[in-house]
Amino acid sequence: MQRASRLKRELSLLTAEPPPGITCWQNDNRLDDLRAQILGSADTPYEKGIFNLEIVVPERYPFEPPKIRFLTPIYHPNIDSAGRICLDILKLPPKGAWRPSLNISTLLTSIQLLMAEPNPDDPLMADISSEYKYNKPLFLLNAKEWTEKYASQ
């Protein structure tokens with residue numbers, strides 16, 4: 001019951017006051033199955049891209065983090081080809097930093113920040129990470145190409 005009322009509150013807040021460049025909604029009117037869109041931030045290789053994400057809210061939410069993954073392919077050192085995201089607040093302690101005080105809006109904003117500022121020292125994609133570290137112009141070119149190919153409307 002706690003999960004349902006909290007999710008309803010979070011979703012109405014996300015609808016009323018969405019973070020800039022982020023939208024979130026229920027998929028098929030199911031409270032535990034959400035979709036989100038993140039617009040690529042200006043001055044990043046993801047600029048003007050529209051990235052779709054899937055959010056699966058577990059039974060134990062907010063004591064367990066939602067599972068979030070990209071449905072839109074993205075060229076990024078912290079996001080793998082299955083769309084999984086390497087971000088500490090998406091995991092429970094001790095390895096992660098999830099806390100029940102966090103919410104879906106915070107998670108989506110953090111993912112948007114991760115898109116703008118990759119963390120090459122904690123990669124899911126080692127090859128993209130080393131490209132980011134040692135050949136940034138090539139990384140930026142590849143990321144921009146992927147954005148144009150997969151995230152343009």
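- Contact check for C24 versus I55: side-chain heavy atoms found under the 4.5 Å cut-off.
- The distance from atom CG of L11 to atom OG of S105, rounded to the nearest 0.5 Å, is 10.5 Å.
- Going from atom CD of E10 over to atom CG of L31 covers 10.0 Å, rounded to the nearest 0.5 Å.
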Kindly indicate, with the supporting measurements, whether the criterion side chain to side chain contact (heavy atoms under 4.5 Å, CB included) is fulfilled by D32 and R3.
CA-CA 9 Å; D32 59 351; R3 175 180 85 146; 3.5 Å; yes
Please determine whether side chain to side chain contact (heavy atoms under 4.5 Å, CB included) holds for the pair M115 and T44, giving the CA-CA distance in whole Å, both sets of side-chain angles, and the decisive distance to 0.1 Å.
CA-CA 8 Å; M115 286 169 67; T44 73; over 6 Å; no
Apply side chain to side chain contact (heavy atoms under 4.5 Å, CB included) to M125 and C86, showing your working.
CA-CA 10 Å; M125 304 296 279; C86 183; over 6 Å; no
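- In terms of the ring-ring contact (aromatic ring centres under 6.0 Å, His included) criterion, residue partners of F51 (sequence neighbours excluded) are, by chain and number, Y46.
- Counting all heavy atoms, side chain and backbone alike, A82 lies closest to D80 at N-OD1, 2.9 Å.
- The closest side-chain heavy-atom distance from P77 to F139 is below 4.5 Å.
- Going from atom CG of L114 over to atom NE2 of H76 covers 4.0 Å, rounded to the nearest 0.5 Å.
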Would you sort out whether I68 and I85 count as a side chain to side chain contact (heavy atoms under 4.5 Å, CB included), showing the intermediate values?
CA-CA 7 Å; I68 303 180; I85 306 161; 4.0 Å; yes
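- Remark: K67 pairs with no residue by the side-chain hydrogen bond (donor to acceptor under 3.5 Å, both in side chains) rule, at least two apart or across chains.
- Residues E47 and T147 share a closest heavy-atom pair of O-CG2, 4.1 Å.
- Linking ILVMFWY side-chain heavy atoms closer than 4.5 Å, directly or via other members, places I89 and L53 in a single hydrophobic cluster.
- The minimum heavy-atom distance between P62 and R6, with the atom names listed, is CB-NH1, 3.1 Å.
- Contact of the Q2 side chain with the F63 side chain is registered, since non-hydrogen atoms from C-beta on lie closer than 4.5 Å.
- In plain terms, the two heavy atoms of P120 and K133 that are nearest each other are CB-CG, 3.8 Å.
- Note that the CD atom of E131 and the CG atom of L138 stand 4.0 Å from one another [nearest 0.5 Å].
- Judged as a side-chain hydrogen bond (donor to acceptor under 3.5 Å, both in side chains), and not counting sequence neighbours, the contacts of R35 are D33.
- Scanning all heavy atoms of the two residues, the minimum distance from T72 to N52 falls at OG1-N, 2.8 Å.
- Cluster annotation: I74 is connected to Y150 through the hydrophobic network of ILVMFWY side chains, with a link wherever side-chain heavy atoms come within less than 4.5 Å.
- Using a 4.5 Å cut-off on side-chain heavy atoms (C-beta onward), S41 and Q112 make contact.
- Counting heavy atoms from C-beta outward, L7 and Q26 have side chains that stay 4.5 Å or more apart.
- Between the CZ atom in R99 and the CG atom in L102 there is a gap of 4.5 Å [rounded to 0.5 Å].
- The side-chain heavy atoms of F70 and I111, taken from C-beta on, include a pair separated by under 4.5 Å.
- Separation of atoms OG (S12) and CD (E17) is listed at 9.5 Å; rounding is to 0.5 Å.
- A heavy-atom distance below 4.5 Å is found between the side chains of L92 and E64.
- Using a 4.5 Å heavy-atom cutoff, the side chains of N78 and L87 are not in contact.
- Checked for salt-bridge contact, E145 and K149 miss the test: no charged N lies under 4.0 Å from a carboxylate O.
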